[in-house]
4 protein chains.
Amino acid sequence: MALPFSNTAGRTLERLRNAFVDTARGAREVVGAPLRPDLPDDDIPRLKNRIDACLEGKGGETARRGRAAELGQAYLSLSPAGRKKFLLTLAHDYGLPREAALAKVERWRATKEPPRALVKTLEPPAVRLLREFVGVPQGVKFVVDLRAELLALGRSDAAARTLSEDLRPLLGAWFDVAFLDLVRIDWNAPAALLEKLVAYEAVHAIRSWRDIKNRLDSDRRCFAFFHPRMPNEPLIFVEVALVNGLAGNVQRLLDAKAETSDPQGANTAIFYSISNCQQGLAGISFGNFLIKRVAEKLAHDLPNIRDFATLSPIPGLRRHIDDRLKTEGDAALTPGEIASLVPVTDEAAGAAAMRMLLDRPSWWDVPAIDKALRPILTRMAARFLTTTDEKGRALDRVAHFHLGNGAIVERINWLADTSTNGLKQSYAMMVNYRYKLGDVDANHEAYAAGKVVASREVRAQAKG
Amino acid sequence: MALPFSNTAGRTLERLRNAFVDTARGAREVVGAPLRPDLPDDDIPRLKNRIDACLEGKGGETARRGRAAELGQAYLSLSPAGRKKFLLTLAHDYGLPREAALAKVERWRATKEPPRALVKTLEPPAVRLLREFVGVPQGVKFVVDLRAELLALGRSDAAARTLSEDLRPLLGAWFDVAFLDLVRIDWNAPAALLEKLVAYEAVHAIRSWRDIKNRLDSDRRCFAFFHPRMPNEPLIFVEVALVNGLAGNVQRLLDAKAETSDPQGANTAIFYSISNCQQGLAGISFGNFLIKRVAEKLAHDLPNIRDFATLSPIPGLRRHIDDRLKTEGDAALTPGEIASLVPVTDEAAGAAAMRMLLDRPSWWDVPAIDKALRPILTRMAARFLTTTDEKGRALDRVAHFHLGNGAIVERINWLADTSTNGLKQSYAMMVNYRYKLGDVDANHEAYAAGKVVASREVRAQAKG
Amino acid sequence: MALPFSNTAGRTLERLRNAFVDTARGAREVVGAPLRPDLPDDDIPRLKNRIDACLEGKGGETARRGRAAELGQAYLSLSPAGRKKFLLTLAHDYGLPREAALAKVERWRATKEPPRALVKTLEPPAVRLLREFVGVPQGVKFVVDLRAELLALGRSDAAARTLSEDLRPLLGAWFDVAFLDLVRIDWNAPAALLEKLVAYEAVHAIRSWRDIKNRLDSDRRCFAFFHPRMPNEPLIFVEVALVNGLAGNVQRLLDAKAETSDPQGANTAIFYSISNCQQGLAGISFGNFLIKRVAEKLAHDLPNIRDFATLSPIPGLRRHIDDRLKTEGDAALTPGEIASLVPVTDEAAGAAAMRMLLDRPSWWDVPAIDKALRPILTRMAARFLTTTDEKGRALDRVAHFHLGNGAIVERINWLADTSTNGLKQSYAMMVNYRYKLGDVDANHEAYAAGKVVASREVRAQAKG
Amino acid sequence: MALPFSNTAGRTLERLRNAFVDTARGAREVVGAPLRPDLPDDDIPRLKNRIDACLEGKGGETARRGRAAELGQAYLSLSPAGRKKFLLTLAHDYGLPREAALAKVERWRATKEPPRALVKTLEPPAVRLLREFVGVPQGVKFVVDLRAELLALGRSDAAARTLSEDLRPLLGAWFDVAFLDLVRIDWNAPAALLEKLVAYEAVHAIRSWRDIKNRLDSDRRCFAFFHPRMPNEPLIFVEVALVNGLAGNVQRLLDAKAETSDPQGANTAIFYSISNCQQGLAGISFGNFLIKRVAEKLAHDLPNIRDFATLSPIPGLRRHIDDRLKTEGDAALTPGEIASLVPVTDEAAGAAAMRMLLDRPSWWDVPAIDKALRPILTRMAARFLTTTDEKGRALDRVAHFHLGNGAIVERINWLADTSTNGLKQSYAMMVNYRYKLGDVDANHEAYAAGKVVASREVRAQAKG
């Protein structure tokens with residue numbers, strides 16, 4: 001066998017390589033000179049020779065796997081520019097264009113082979129190669145990260161985009177939720193893991209070790225999915241606060257100085273942050289399973305917890321409001337709303353007045369402004385969250401995620417996040433999506449039919 | 001969500017079910033009355049309703065997974081007859097016949113969709129369903145065992161055979177060798193696991209705990225592959241003896257009373273038994289990887305081990321010899337061989353004499369007979385092992401496996417296994433296949449081209 | 001530091017030894033030539049030099065520990081005869097005789113030192129040395145086994161007996177029950193551990209792997225105490241059957257072919273075997289803690305279990321009955337009993353008749369004999385079990401153990417163990433001791449005051 | 001059994017308590033009303049009743065253990081003031097004064113009992129009780145912390161001091177180094193553990209997570225001893241830097257921004273911080289074993305590491321120098337030194353000049369001052385470190401520790417720690433103690449005889 005074919009550590013491979021000198025010599029003939037870091041154009045033919053050798057599969061399965069692993073290692077030794085060229089070569093020269101597929105279809109039609117034979121021929125060679133790359137040490141993470149690079153390249157290159165899509169079913173099979181471990185993360189977790197949570201947290205940035213310790217306290221829960229072959233890499237994680245009643249203010253939740261409460265006394269689990277960690281797994285959904293399995297687990301471990309809800313940002317709201325004020329002007333407001341703004345400012349009226357008020361720093365600290373804006377913004381938020389576009393999709397991406405999971409729009413929270421980010425996203429409003437476990441299927445179906453389910457209160461607010 | 005959707009234990013599921021009564025009630029409407037154990041014909045429509053509901057996927061991914069898990073549980077509660085009907089229904093009514101595939105091809109051709117869109121439509125509904133069954137507790141093992149049942153049904157039912165084949169790529173992705181753990185098994189292994197080895201051992205039956213303890217002694221090694229989601233189920237295991245020189249007698253290796261030798265003093269690793277454990281994984285090869293990874297590991301751990309070989313049965317040999325004697329008569333022997341038989345018996349001559357001698361109990365205990373038969377049988381064995389059929393395949397299935405892995409036919413061992421089984425398979429002969437690590441690729445390629453590589457000695461024996 | 005002083009594996013020690021040649025050379029000067037396996041008299045002075053060097057403690061604590069470890073290793077390389085001489089030298093020449101202790105008392109009295117200073121001087125040098133032996137790899141087990149050898153020697157040598165007693169407080173501190181792990185052993189336990197259970201089982205011999213598997217089935221429990229530094233060595237284990245009502249026949253419990261019952265349906269835990277594993281820990285009690293912690297655990301895990309009792313042998317009973325018949329003759333029986341024997345045999349009368357009946361093989365198979373003997377033997381058993389000797393101790397050692405733990409004599413079981421051993425010990429009778437958790441303290445105190453607590457039934461039987 | 005007697009969690013105990021109501025009621029009679037938090041004088045008799053009940057031991061071993069555990073729990077529910085009263089009661093009323101010991105000696109002398117019988121009677125009742133406290137959940141840590149409180153009380157109370165001393169042998173047996181685990185701590189350690197290291201670090205305070213991450217980097221090592229029954233509590237830990245040549249500046253070592261170097265290229269292990277974690281284990285030495293076992297481990301794992309040394313503070317040096325300048329004046333300096341100071345300042349001369357220079361902030365930044373002071377301070381440091389007091393003890397406590405372990409004074413480092421603390425302790429000087437593995441025994445013995453071993457360089461510096 002020409003090349004190492006297992007996951008054992010580099011040093012062992014080295015020894016084996018020395019032990020079987022003839023092998024190594026033979027292998028080197030195939031491999032040729034090593035690829036240069038930037039993969040200059042001269043090296044491309046040699047790269048393609050190696051890819052071809054991998055696909056040809058001489059020497060049997062173990063040899064093929066070994067050869068692919070060596071090529072994977074070669075990729076790892078390239079510079080960023082070299083890696084990009086490697087992937088583009090793969091995407092452009094080893095994909096399966098429609099015409100090629102049509103030819104394969106014709107060939108199959110001429111045989112008596114079953115459909116699965118056709119399916120087999122329709123696997124693009126690039127996918128066939130990348131599938132073998134899992135044989136590199138840490139190979140699962142390696143393939144996931146390759147796909148992340150392809151997705152990035154795919155923003156400007158169609159072939160890369162196609163390859164990243166072609167890889168999805170393979171990763172979907174590998175990362176079937178049934179293979180994942182649901183792990184609780186607390187303050188006894190490895191520091192190296194907590195450091196990753198800090199890096200991956202996508203909703204409310206973790207500012208310090210004190211902050212993260214607070215989020216892992218006894219009145220909090222943090223759960224993540226892990227793949228057995230990526231033991232140090234969370235795939236997705238969710239942060240939960242155990243509280244009494246629906247939480248309506250995220251600063252209070254994140255206040256590391258606040259007292260820890262007794263989880264046995266809480267009746268509500270608030271999912272206040274959920275972050276995907278692996279860009280290379282985009283399009284493979286875990287979030288719905290995570291939320292529901294965590295809800296199950298909490299229901300089992302803490303029988304006093306009866307309600308499950310989120311405290312979620314509304315990332316598209318401010319833009320929506322600003323756009324409407326700009327493009328529709330006073331038509332964006334009801335007559336009553338326009339009237340209600342009069343006593344607050346005499347510098348402008350209607351939409352212009354509202355614009356002016358909203359541009360004023362810390363406007364909410366002025367009781368009169370707060371009082372005037374609250375019903376208007378709340379109405380706009382409620383309407384925004386309960387409206388779907390022509391495809392039946394919620395306007396806000398976070399809303400789309402939770403509604404698709406069967407949650408409902410439960411409550412809009414005024415001044416729930418007055419951080420810079422909160423203001424920028426949604427004029428400081430946040431929303432609770434509630435997961436009522438008995439209703440999620442029906443809610444999902446309703447949403448699939450284009451209908452957003454919301455609480456009576458939110459429905460009333462949307463009407464104004 | 002209508003149904004439980006996770007791997008948590010049954011009791012929790014039960015509790016959750018009670019907690020969300022409405023849900024359960026809703027679910028029951030879909031599910032209907034439970035299927036009766038033997039699945040009488042009246043129940044088939046209800047079964048198909050449930051399968052359809054699973055495939056339709058209402059309520060989103062988590063609901064779909066939960067519904068499939070419930071159906072999987074229902075399958076588990078059936079009698080053997082009921083299970084058979086369940087699987088045949090699936091195979092016959094939820095496959096993808098060629099015509100249906102052709103229609104899908106046409107539909108795709110009419111769009112501008114990429115090939116992967118076609119591939120997606122070509123997945124048979126039955127496979128789509130069984131893929132979801134992994135959500136049952138112990139789901140991976142469940143799907144593997146389902147495929148084993150399909151393979152058994154497939155012997156008499158073409159649709160079941162097709163479905164078992166259609167499942168192969170999915171299991172191939174799940175059981176990629178990169179996901180497997182190579183585990184050494186010794187006397188500290190759980191008794192429950194050792195009991196399984198006893199059950200799965202397919203080459204030399206394990207007769208007692210003393211026997212298995214001997215096979216796990218300090219001068220032995222036993223390695224198995226495990227899947228992280230089937231932690232208590234070996235996929236395949238190999239038994240190795242650490243000895244000096246090529247071992248040529250299996251009774252001596254298996255003698256539990258023989259003294260244990262110092263593994264540090266051995267120079268050769270003899271793979272004397274390799275057994276697949278999961279019938280449901282037929283067609284997904286691990287053996288080649290197992291042998292080579294174990295060889296690597298031994299080379300690393302015990303630098304004194306320089307040679308790697310098997311001591312293998314020749315299961316097809318006796319039948320081959322008997323057939324040749326019967327159909328070819330004296331033509332099966334050389335003139336010299338015919339002459340050599342004369343002094344041994346005067347009751348018959350040539351092939352008939354040989355037949356008579358071989359039918360005599362314990363013929364090898366008679367020195368004259370032993371002396372006469374040895375060169376003839378050895379020649380026939382050597383020729384048998386080095387000949388290929390019209391497709392270029394070795395005549396013996398064990399030979400085919402090792403030659404395909406890049407081993408060579410090294411040595412034929414006379415009176416190597418005088419057990420009843422050894423006599424029945426191969427007139428007590430066994431063979432060493434040698435794995436010379438530097439040559440396995442070239443050997444594999446030679447064999448792929450129809451040529452069996454053998455040692456000079458065996459080649460000479462084959463010539464007679 | 002002259003000598004290795006840690007638990008790291010032998011090979012590392014070897015390397016270190018070579019690395020620090022000067023050290024080793026220095027050490028060898030102290031150590032001198034190695035002790036010969038049988039420790040001939042010529043070697044004794046060299047042994048004593050080494051012991052003295054250990055006790056002197058040059059080079060500080062780590063050097064002392066290292067030196068003791070080397071001496072411990074030297075002990076391990078001796079023959080059985082050599083080990084015996086080693087231990088006797090230690091016991092005779094490094095103990096602390098009373099006169100030496102008196103002298104130390106006088107010296108202390110002359111100072112103003114606190115009592116702990118006196119205590120320190122009263123530690124025998126041999127104990128001081130053996131305490132250091134814990135530094136040998138597997139040192140805890142090593143010291144325990146040394147004490148077992150001392151106890152054996154102590155049967156014929158008073159100094160060895162004294163040393164074994166002097167070691168007890170040290171082992172008592174090391175093996176405080178708070179340091180032990182209570183571990184459930186089931187069929188997933190390592191085969192090597194189960195093999196030890198087979199070896200250590202002291203009550204009902206384990207005859208086969210099938211037998212042990214039966215004892216670890218789902219309607220059984222087996223628990224053991226382990227010390228964290230002897231992870232592969234149980235200290236004591238108990239076997240429990242989960243049944244309905246008091247079990248009265250041990251053959252039925254041990255029948256490997258009997259059906260396994262559902263532990264959730266059981267209401268009684270029967271402790272049918274408890275075995276100490278480490279002879280070197282004689283005199284350090286775990287049994288009482290084991291029984292009560294297992295009872296606690298079962299009460300917690302299986303709320304349906306309400307009663308806890310043993311099914312125990314009565315090892316001293318047959319001897320007691322035979323003695324009484326022999327020495328007291330007819331006086332051992334009541335007139336009614338004597339009369340009841342008349343119809344059964346006419347070959348003899350009274351005690352002689354009884355003797356004759358009991359000597360008849362399988363006497364219990366003859367209904368008339370069974371009927372005649374049952375009340376007499378039961379009465380004698382009841383009286384035997386409820387009587388104490390002049391020191392207030394139960395006559396039977398198993399009774400003493402359970403009564404001391406606070407159990408009561410609950411029920412005598414006729415024909416409960418008709419195995420050879422059961423007949424030999426107690427004419428096939430066994431007894432249930434019941435642990436009523438609320439009463440054990442009071443029962444213990446009653447027994448401490450010389451009073452055996454028994455059930456109303458047993459008390460009635462004892463009266464005849 | 002009246003009271004819970006095991007380590008199982010509180011909730012289980014609670015359940016059991018409710019289950020066996022009679023028991024609990026009985027127990028409460030003994031226990032009486034709960035002790036009030038501050039343990040007012042009225043409660044003392046009830047406390048003593050409970051202590052007496054524990055010591056009396058009614059109900060047998062398990063009952064005694066249970067009763068002690070309840071008393072331990074009662075202690076935990078007291079206020080700081082109450083705990084103090086509890087411990088003082090124990091120390092004053094349950095110790096063993098000399099007179100009581102003398103009486104026991106007399107009683108023993110009148111018997112024929114062996115010395116161990118006397119030893120047994122000399123155990124103070126308080127120790128007998130505290131030994132049982134190990135039965136509390138987390139009992140080992142509990143007893144250790146109790147001793148820490150006794151040591152603190154012992155500063156002002158002789159009986160508490162005596163009791164803390166009387167406890168030492170018990171803790172010494174429990175914490176024998178053979179029972180401890182040597183554990184490497186790296187960035188994968190639990191955050192909760194790293195937080196403890198931050199709290200326990202006694203030499204160079206850890207200022208941030210970045211700082212601690214740096215100390216656990218690939219060119220660093222951190223090892224700790226753990227007791228198997230205190231798994232989350234380090235007993236002592238050491239921080240090591242892998243460098244080339246002796247490190248002479250601690251700020252450079254602690255610079256979190258410095259580049260990480262390759263440990264394979266290092267030749268020297270610098271132990272730059274060693275901290276005891278458990279005040280309650282004062283007087284039980286681990287440091288010597290830790291240093292030597294870590295050195296062994298590093299020598300084994302990294303064969304390129306050839307030298308082992310510390311970079312240590314000299315906590316007593318500045319005070320020593322200041323005292324000498326103050327009390328001896330110019331006599332503390334040599335004539336050459338006095339002369340060398342003249343060119344630097346004309347405001348004062350001799351000792352007064354030196355005092356003035358040393359009081360100037362950042363004096364070392366002025367090249368002339370640095371040049372003048374360096375030889376004088378170095379000489380004084382060398383002399384300080386190589387001198388012993390009348391008892392043959394080094395003047396500096398850190399020197400005493402390392403010399404006692406067999407290290408030598410290798411090199412004095414100028415401006416090695418210019419932090420506030422470094423200046424305050426030792427005018428920024430630090431010292432390397434070198435552990436030459438082959439010499440440590442001889443060095444230990446030399447130091448035991450009152451002689452400090454130092455390098456030629458330091459000896460020369462000491463002479464001036």
Side-chain angles (χ1 to χ4, degrees), chain A residues 1-2 5-8 12 15-16 19-23 26 58-63 65 96 98 101-102 105 109 114-116 118-119 122 134-135 139-140 162 165-166 169-170 173-174 176-179 228-229 285 288-289 292-293 296-297 299-300 404-406 437-438 440-442 444-445, chain B residues 1-2 5-8 12 15-16 19-23 26 58-63 65 96 98 101-102 105 109 114-116 118-120 122 134-135 139-140 162 165-166 169-170 173-174 176-179 228-229 285 288-289 292-293 296-297 299-300 404-406 437-438 440-441 444-445:
Chain A
M1 109 215 83
F5 44 76
S6 81
N7 282 348
T8 47
T12 305
R15 271 209 224 178
L16 281 167
F20 309 126
V21 178
D22 302 334
T23 313
K58 272 203 183 159
E61 269 187 290
T62 56
R65 180 57 59 102
L96 185 78
R98 219 177 123 87
L102 284 165
V105 161
R109 198 200 291 271
R116 69 175 169 273
L118 171 58
V119 168
L122 292 176
V134 75
V140 178
T162 294
E165 276 307 302
D166 289 344
L170 180 66
W174 286 354
D176 189 295
V177 74
F179 297 157
R229 285 296 166 259
S285 58
N288 42 6
F289 283 99
K292 288 175 187 171
R293 289 198 47 196
E296 279 184 352
K297 184 154 179 45
H300 174 252
N405 291 339
L437 293 176
V440 292
D441 283 11
H444 168 93
E445 286 304 312
Chain B
M1 111 214 83
F5 43 76
S6 81
N7 282 347
T8 47
T12 305
R15 269 209 225 178
L16 282 166
F20 310 126
V21 179
D22 302 335
T23 313
K58 272 203 182 157
E61 268 186 292
T62 56
R65 182 56 61 103
L96 185 77
R98 220 179 121 87
L102 284 166
V105 162
R109 199 201 291 271
R116 67 174 169 274
L118 172 59
V119 168
K120 201 173 170 191
L122 293 176
V134 74
V140 179
T162 294
E165 276 308 302
D166 288 343
L170 180 65
W174 287 355
D176 190 295
V177 74
F179 296 156
R229 284 294 165 261
S285 59
N288 42 7
F289 283 99
K292 288 175 188 170
R293 288 195 49 194
E296 279 183 352
K297 181 153 181 47
H300 173 253
N405 291 341
L437 293 177
V440 293
D441 282 12
H444 169 94
E445 286 304 313

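Each chain gets a letter, A, B and so on, in the order the sequences are listed, and its residues count up from 1.
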- Decide yes or no for B:Ser285 and A:Glu61: does some side-chain heavy atom of the first lie under 4.5 Å from some side-chain heavy atom of the second? yes

- Exercise: identify the closest heavy-atom pair between B:Leu96 and A:Pro115: O-CG, 3.5 Å

- Query: So which of B:Leu170, B:Thr162, B:Asn405 has the biggest tally of heavy-atom pairs under 4.5 Å with chain A?
  - Reply: B:Thr162

- So which of B:Asp166, B:Val105, B:Val119 has the largest heavy-atom pair count under 4.5 angstrom toward chain A? B:Asp166

- Heavy atoms only, distances under 4.5 angstrom: which of B:Lys120, B:Arg98, B:Glu445 has the most pairs with chain A? Name it, please. B:Arg98

- Query: Are the side chains of B:Val440 and A:Thr62 in touch, meaning some heavy atoms are under 4.5 Å apart?
  - Reply: no

- Query: So what's closer than 4.5 Å to chain B heavy atoms on A:Asp176: side chain, backbone, both or neither?
  - Reply: side chain

- Item | Residue pair B:His444 / A:Gly60: nearest heavy atoms and the distance that separates them | NE2-N, 2.9 Å

- Query: Can you find a heavy atom in the side chain of A:Leu102 that is under 4.5 Å from one in the side chain of B:Arg109?
  - Reply: yes

- Message: With chain A as the partner, which of B:Gly404, B:Ala173, B:Ala101 has the greatest number of non-hydrogen pairs under 4.5 Å?
- Response: B:Ala173

